[in-house]
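Reading through the structure tokens given below for one structure.
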Protein chains: 2
Amino acid sequence: MSQPTRERLLDAAQALLDDGGIEAVTLREVGSRAGVSHNAPYKHFASKEALLAAVAARELRQKAASFHGDRDQPAAERLRDSLHWAIARAVAHPNRFRLIYGRWPTDVAAELVRAAQEAELALIGLVAETQEAGALPAGAEPERLTAVLRAAVQGAAELAISGHLSLDGRARPEAVIDDLLTLLRGPE
Amino acid sequence: MSQPTRERLLDAAQALLDDGGIEAVTLREVGSRAGVSHNAPYKHFASKEALLAAVAARELRQKAASFHGDRDQPAAERLRDSLHWAIARAVAHPNRFRLIYGRWPTDVAAELVRAAQEAELALIGLVAETQEAGALPAGAEPERLTAVLRAAVQGAAELAISGHLSLDGRARPEAVIDDLLTLLRGPE
DNA sequence: ACCTGAACACCGTTCAAGT
DNA sequence: ACCTGAACACCGTTCAAGT
């Protein structure tokens, strides 16, 4: 109750999103759960879409903040942990994942990309370290190698969430990433 | 006009989806474009969701049908073409792509997975052929190698569509797949 | 500065009725 | 078998008004 209304609105929207998907997020229910009327959100957000964009941006910032890892661990392990963490997060909160990468007007999409930049740069650094440690091909540009890993993580997470990862539905998305890392490490 | 109403409803829904995203698909507009009333769709589909599921299934079947390729080409080229085609299709019709892999009740999701099985099996066969041709690691199980490639394709397409593929937005998703294929081919 | 209640246009769905 | 028009509950958004 001591939280400001804006934060309570964000929390309520996120909880509704997690529980019932995007169509469960109505301003009337958001307002009700935050203890205000159904149009009080308009005093804090320009529209329902702006409220959802704030939820998405908050999730992206939290993702970026978790990309530091133990400095004691080898780079290859930290990289693997980071990629696994991203997948676990997507599987744990699939509707947030869908929200972030869903359909947005261009200006909102640009803001979300900006919120993801910190995590992207941290990942590129981790990939470069792993290359130096000999656990990834040294010849490849870190940016391009990172793009390959990010695409695999994104796709494995989305296929797992939607049930398309394997025909029997038993394949685990983390195993796909482990296979990729093993294959990239090479035969030697 | 000679088309049955059911087909006209599907076409109208797909056109609205392509043009304005999922929120532009209203039964009133679908009916109007198909030349019927706003609730005539209920005589052909149980709900709006069932109509959208039929649009998604149709798109998936078309995807499967395009996975044969020229028998004259080497397997590695056919594989690369198939993966590029899947990405190009997603970029050309991003809202159909989002619809297919979006949030569905479990029974609908299962039906969509079934509609994608044919394409999945064809891809596994193509990967196995490419392994035999020496353009992919021979030691890996074709199913697991296919899962890696599918995840990368899915993720590269989604990141490209949402603008998250690269910070400057100039990276192309097809290049990510080419990089992956080159890396997997190995240093020899 | 922040909130409320009424109102408006729009939507998915149901239902009784029509051919 | 296929379709229509009215009706219902619900939604995002706007607006005048209140503290």
Side-chain angles (χ1 to χ4, degrees), chain A residues 1-57 95-96 98-99 102-109 111, chain B residues 1-57 95-96 98-99 102-109 111:
Chain A
M1 271 300 173
S2 62
Q3 262 194 121
T5 300
R6 190 192 143 91
E7 294 305 313
R8 292 208 314 279
L9 291 169
L10 285 173
D11 290 344
Q14 183 172 274
L16 287 165
L17 175 71
D18 287 345
D19 283 359
I22 187 74
E23 69 265 22
V25 185
T26 69
L27 288 182
R28 281 164 169 82
E29 186 63 23
V30 167
S32 169
R33 293 204 179 192
V36 291
S37 75
H38 74 283
N39 49 17
Y42 285 96
K43 311 304 166 181
H44 302 269
F45 302 95
S47 64
K48 176 184 176 181
E49 188 175 55
L51 168 62
L52 288 171
V55 171
N95 294 329
R96 300 185 201 172
R98 290 194 179 103
L99 178 71
R103 189 177 136 86
W104 294 104
T106 44
D107 56 333
V108 177
E111 193 201 319
Chain B
M1 272 301 172
S2 62
Q3 262 192 121
T5 300
R6 189 192 144 91
E7 294 303 313
R8 293 208 314 280
L9 291 169
L10 285 173
D11 291 343
Q14 182 172 273
L16 287 166
L17 175 70
D18 288 344
D19 283 359
I22 188 75
E23 70 265 22
V25 185
T26 68
L27 288 181
R28 282 165 167 83
E29 186 63 23
V30 167
S32 170
R33 293 203 178 192
V36 292
S37 75
H38 74 283
N39 49 17
Y42 285 96
K43 310 304 165 181
H44 301 269
F45 302 94
S47 63
K48 177 183 177 182
E49 189 174 56
L51 168 62
L52 288 171
V55 171
N95 293 330
R96 299 185 202 172
R98 290 194 180 102
L99 178 71
R103 189 177 135 84
W104 293 104
T106 43
D107 56 333
V108 177
E111 194 201 318

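Please read all numbers here as calculations on a predicted model, not as lab measurements. Each chain gets a letter, A, B and so on, in the order its sequence line appears, and its residues count up from 1.
Closest approach to the A:H38 side chain among C:dG12, C:dA7, C:dC3 is made by C:dA7 (side chain taken as heavy atoms from C-beta onward). Ranking D:dT4, C:dG12, C:dT4 by closeness to the B:K48 side chain, first place goes to C:dG12. Distances from the side chain of B:Y42 to the nucleotides D:dT13, C:dC3, C:dT14 place C:dT14 closest. Of the candidate nucleotides D:dT13, C:dC11, D:dC3, C:dC11 has the atom nearest to the side chain of B:R28. Among the nucleotides C:dC11, D:dG12, C:dT4, the one closest to any side-chain atom of A:A40 is C:dT4. Checking D:dA6, D:dC11, D:dC15 against the side-chain heavy atoms of A:T26 singles out D:dC11 as nearest. Taking every side-chain heavy atom of A:H44 into account, C:dC3 is the closest of C:dG12, D:dT13, C:dC3.
Distance, B:L27 CG to D:dC3 C1': 15 Å, rounded to whole Å. Whole-Å rounding puts the A:F45 CZ to C:dC2 P distance at 12 Å. Rounded to whole Å, atom C1' of D:dG12 lies 16 Å from atom CD of A:E23.
Side-chain nitrogen and oxygen atoms of B:T5 include none within less than 4.0 Å of the OP1 or OP2 phosphate oxygen of D:dC2.
Comparing B:S47 and B:K43 by the nucleotide of DNA chain C that holds the closest heavy atom to each, the one mapping nearer the 5' end is B:S47.
C:dC3: no Watson-Crick or G-U partner with both key distances under 3.5 Å is found in any strand. Pairing partner, C:dA9: none, since no Watson-Crick or wobble contact has both distances short of 3.5 Å.
Here A:E23 contributes atom CD and A:L17 contributes atom CG; the two are 9.5 Å apart, rounded to the nearest 0.5 Å. Atoms CG and CG, from A:D19 and A:N95 in turn, are 9.0 Å apart once rounded to the nearest 0.5 Å.
Closest approach of B:A54 to B:R6, counting heavy atoms only: CB-NH2, 4.5 Å. The two atoms that bring B:A15 and B:R33 nearest to each other are CB-NH1, 4.3 Å, heavy atoms only.
Within 4.0 Å (heavy atoms only), B:V25 reaches sugar-phosphate atoms of the nucleic acid but no base atom.
Between B:L27 and B:F45, the closest side-chain pair of non-hydrogen atoms is not below 4.5 Å.
A donor N or O paired with an acceptor N or O is found under 3.5 Å between the base of C:dT14 and the side-chain atoms of B:N39.
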